[in-house]
Every structure is written in structure tokens, then in C-alpha cells.
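We count ligands from 1, going down the list as the structure has it; atoms in each ligand are counted the same way.
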Amino acid sequence: MTEKHDVSDVPTTGHVWDDDLADLTNQPPKWWMLGLTASALFCVVYFLYYPSFPISTIGEHFKGLGGWTAIKEMEADKDEVDALRGKFEARLKDMTPSAILADDELSEYVKRSGKVLFGDNCAACHGQNGIGTHDRQGLFAPILNDDDWLYGGKIEDIHASIEGGRQGMMIAHKDILSDAEIDTLAKAVAQGQPTSTPLFAEKGCVICHGEDGRGIRAMGSANLTDKVWRFDGSIEGIRQTIAHGVNSGNPLGRVAAMPSFKASGKLSDAEIKKLAVYVYKFGGGETSAPAEAATTTPAPETEN
Ligand code: HEC
Ligand code: HEC
């Protein structure tokens, strides 16, 4: 211990090798010692403040002097979130869906918070994010994130779809039309040119699908000119739709029913409004024409 090293003049621990290499008794630097003491103190305080060591004999644990528990912390966080949400919920309660949509802050809130609501109530049929779901017959529930709408893509249309439900009806034609007629119609429709055969008007398809075959939104009749298919778009599939209808009660017909979320009481008015905005925000929503312009220039019915 008393031996000093020739070079550094600092006492060694007595471990010297080869005269050159020695174990000196230098103190660690001050900052290091301070750090060590501080962290030891921190441990003691932390240990006493928070729940720490188990007291196995009484099947308990030391609860800590601060009274902290994970549950309390979670509840405090939840209160904070509720307070934040409550502010938005109170505001949108008395607003129309289009007013909510026009309010950047509110519509952003709905876009962020609507995922769970949509997941719980809609995704089973429409797919997560509205990508549509398929059954053996084709698209079971329509895609909601494109700009192709059966009943219209304005915020009011979407709101009405959710609130009241939708169930397009097309009668079965198997007893009205011959096989050859169904064939001709199916081929014309498959090409996106339903009006290319006079049968389309003669056999009454125009009553529901319109003179030009582009569909009538009030009844959700599909646009037959855009080659976007709700059901099977093959000639065989189209023949089946024509022969057996949609929601016609015919066992071979297509079935496509959207339940009413107001009548069933499954969703509150505020939730229905939020979902309308949420669906609109998928990106396919159409802008509502201003009230006065709508009377002079009706929006073209190009999509279905
Ligand atoms: C049981 C399945 C089912 C559920 C659940 C369901 N939908 Fe639908 N939805 C459908 C079907 C089927 C249609 C098409 C109806 C038709 O073809 O006439 C539809 C149509 C729609 C339309 C109209 C689409 C258009 O092109 O005009 C909207 C909007 C819509 N649904 C939104 C929702 C929202 C939002 C929810 C959740 C609150 C929901 N749906 C829940 C099956 C469902
Ligand atoms: C009573 C009204 C009505 C009549 C008449 C009618 N349709 Fe339809 N049709 C509909 C409705 C409504 C739909 C959409 C159903 C849905 O999506 O829920 C539809 C859907 C279709 C589809 C499916 C389109 C797709 O995207 O998969 C085809 C094809 C079709 N109709 C062809 C015809 C032809 C051809 C005729 C004439 C023989 C005809 N329809 C007569 C109401 C009608």
C-alpha cells in the first residue's frame, strides 16, 4: 500500500507487475461518486414510495408511502380521455352530419374515434375500412371506400342508408322472360351496354334501371353500364340475377339487406351521425350541391 509507483507518484495496492504495470489507489472521479450516492438514495426513496417488497408471511406486499396503484393511474388516464372526448361528443350531438363534416376538428375526431364503432357494427358485412365482403355469389355488402354508390354518396345519403337500412328489390324474371331473352339481356349487360337490345325497354328493365341503364338511386338499382358488379359479373352470374332477382324471396335469388340501425336501436343518433361522417371520410363521399344550385342544375346521375 505504501509503495509508490515511480511514474505516477500515486500509492499502489501492492500489485505491481514488471515495474511498469501497477494497480494504483486512485479515488474514482467525484462526478462518479456523486452519481453512485444519488442513485443509491433514489433507490431507497423509490422503494419506500411505490409498492415494493412482498411480505410473504401475511400474504401481502408493502403498499408504498405514495399510495400509487396501477388501477388509479389507469382511471386517471381514462378520465382525461373521457373529458377530451366529452367535449367533442357534446358539440356534435346537436349538429347535422354535414355540419360535422364541415368542421375540421370534429370530422378529424370522428375519423380517429370511429374505427371501433365501425369495427363492431359494420365491418362484419362491409369489411374493415369498407373494402367490402364477398360471399359465394359475389360482393355481399357493397364497398364503401370507393366512389361507386347504389343509394348515393352525399353525406345525407350515407346517413339515410345507415339510419333506415337498405334493401334493393329486383323481381325474378324467370317466369316473365324466355331463356333466349334472358341470354340476350345478360350478354348486353355484361358488355355494359344494356340498351343495345330493345328487350331492355320492352321487358321493363328501364322502370328500375332508368332509360339509359345507369340506375336510379332512389331505389338503389345498380348502374348497368359501368361494369362494376355488386354480384357475379360473369354472363352466367348476370343470367342468374335476371332470372331469380334480388331480395325477391326466390331461393336462388341474390340476398342483400342492410339492417336499419335506428329501428333496431343498436346505435344512438349521435353514433349514426358519426358513422356517416366516418364512412364519408373513407374518401368516396360526394359533395352536396349547394341548396339553390341543386334546383337549377341537378347533379348528373353518373355513378350508382
Ligand atoms: C348484415 C350486413 C350489414 C351490416 C351489419 C351493415 N351493412 Fe351496410 N349494407 C349491407 C348491404 C347488403 C347493403 C346493400 C343493400 C342493397 O343492395 O340494397 C348495404 C348498404 C350500405 C350503404 C349504402 C351503400 C351504397 O352504395 O349506397 C351504406 C352507406 C352502408 N351500408 C353503411 C353501413 C354502416 C355504416 C354499417 C354499420 C353501422 C353497416 N352498413 C352495416 C349490409 C350490411
Ligand atoms: C323492380 C325493379 C327492378 C327491375 C324491374 C329490374 N331490376 Fe335489376 N336491379 C334492381 C335493383 C334494386 C338492383 C340492385 C340490387 C342491390 O344491389 O341490392 C338490381 C340489380 C341488377 C343487376 C346486378 C348488377 C350488379 O352490379 O351485380 C343486374 C345484372 C340487373 N339488375 C339486371 C336487370 C335486367 C336485365 C332487368 C330487366 C329484365 C332488371 N334488372 C329489372 C331493380 C330492378
Check whether any side-chain heavy atom of [X] sits under 4.5 Å from a side-chain heavy atom of [Y], and report yes or no.
X	Y	answer
K174	N250	yes
R254	R230	no
V228	D148	yes

> With backbone taken as N, CA, C and O and side chain as the heavy atoms from C-beta onward, which portion of L224 lies under 4.0 Å from ligand 2: side chain, backbone, both, or neither?
Replying inline: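 Answer for L224: side chain.
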
> Between N247 and ligand 2, which part of the residue brings a heavy atom under 4.0 Å of the ligand: side chain, backbone, both or neither?
Replying inline: neither

Please identify which atoms of ligand 2 are closer than 4.0 Å to at least one heavy atom of [X].
X	result
I238	29 (C)
V228	26 (O)
G220	12 (C), 14 (C)
T241	22 (C), 23 (C), 28 (C)
M219	12 (C)
I242	35 (C)

Going by the atom numbers of ligand 1, which of them fall below 4.0 Å from some non-hydrogen atom of [X]?
X	result
L275	38 (C)
Q167	18 (O)
L150	17 (O), 25 (C), 26 (O), 27 (O)

Side-chain ([X]) to main-chain ([Y]) donor-acceptor, under 3.5 angstrom:
X	Y	answer
K273	L92	yes
Q193	A188	no
T184	A180	yes
T25	P11	yes
N247	V255	no
H173	I242	yes

Name the option, out of [options], that contains the heavy atom nearest to [atom].
atom	options	answer
atom 23 (C) of ligand 1	P142, S161, A276, S221	S161
atom 5 (C) of ligand 1	I162, N121, V279	N121
atom 9 (N) of ligand 1	H126, K266, K274, R254	H126

> Below 4.0 Å from any atom of ligand 1, is there a heavy atom belonging to A124?
Replying inline: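 So A124 does not count as touching ligand 1.
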
If two hydrophobic side chains count as joined below 4.5 Å and joins carry through other members, does [X] share a cluster with [Y]?
X	Y	value
I235	L185	no
M33	W31	yes
Y50	F42	yes

Is there a nitrogen or oxygen of [X] sitting under 3.5 Å from a nitrogen or oxygen of ligand 1?
X	result
R230	yes
P259	no
G168	yes

> Between Y109 and F88, how do the two ring planes meet: parallel, tilted or perpendicular, split at 30° and 60°?
Replying inline: parallel

>> Taking the six-membered ring for Trp, are F53 and F47 closer than 6.0 Å centroid to centroid?
In response: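 Between F53 and F47, the centre distance is under 6.0 Å.
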
>> Can you confirm, on distance only, whether ligand 2 has an N/O atom lying under 3.5 Å from any N/O atom belonging to V246?
In response: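 Looking only at distances, the answer is no, because the N/O contact criterion of under 3.5 Å is not met.
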
>> Using heavy atoms and a 4.0 Å limit, tell me yes or no: is L199 in contact with ligand 2?
In response: no

> With a 4.0 Å cut-off on heavy atoms, is K203 touching ligand 2?
Replying inline: no

> Restricting to N, O or S atoms of H209, which is nearest to atom 8 (Fe) of ligand 2?
Replying inline: NE2

>> Heavy atoms only, cut-off 4.0 Å: how does F261 contact ligand 1, side chain, backbone, both, or neither?
In response: side chain

> Is any N, O or S atom of M170 under 2.8 Å away from atom 8 (Fe) of ligand 2?
Replying inline: yes

